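None of these values were measured; they are calculated from a predicted model.
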Amino acid sequence: MAGETADDEAAWRDLVAQYGAPGVTGGAVPWPVREELSGEGAAAAGVPGDDTDPDLPPAQLPGWDDPVPGVIPAPPRLRIIRPAQPPQPPPADDSEHFVPPTPPPLPRLDPISKGAWTALFGGPGYLLLAVMLGWQVPGWAAFAAVGAFVGGFAALVVRMNDRPPADSGPDDGAVV
């Protein structure tokens, strides 16, 4: 174990010492010729407007060195920017478009359900309003608000049923 830690420490010190060292060539890392925007770098990289043959494969273009052996680099692509097209008017023929039917009216709630929903949201709503406006809430009012919330929730849960509505008839829609 002690020999392995010494090797690890030596490797770490070697990495730290080489951190600021120049590149492999011994000097500063040169700027790639194909990334020059003007002058001989643009001509060597095959930038449009020069006299290089566009039919040559990328590996044979001047200035294209093979950075990864065995992988053919792609030539630089031009970006074509087209002006925006004016918006197309909608088709005049509306007969082929789907028009949804009007939805049925919402069902009416009975007075017990209305009271349960009012208690469910009214109790916490009163407490939230009292806190936001800085009102002094007596103990009995806070207890009544919490009780209204719990009672409204319990009433809604008790009134839930898993049976189909009475007006659904004997057929539940299944066909055998």
Name the atoms and distances for all side-chain donor-acceptor pairs under 3.5 Å in residues 118-129, with sequence neighbours left out.
{"unit_1": "Thr118", "atom_1": "OG1", "unit_2": "Lys114", "atom_2": "O", "d": "2.7"}

Self-check item: Pairs satisfying salt bridge (Lys or Arg N to Asp or Glu O under 4.0 Å), at least one member in residues 144-158, at least two apart
Solution: none
Quiz item: Got a sec, which pairs hit salt bridge (Lys or Arg N to Asp or Glu O under 4.0 Å) with one end in residues 135-159, sequence neighbours left out?
Solution: Asp110-Arg159
Please list, one pair per line, the donor and acceptor atoms closer than 3.5 Å that link side chains of residues 132-151 to other protein atoms, with sequence neighbours excluded.
none

Quiz prompt | Pairs satisfying salt bridge (Lys or Arg N to Asp or Glu O under 4.0 Å), at least one member in residues 128-145, at least two apart | solution = none
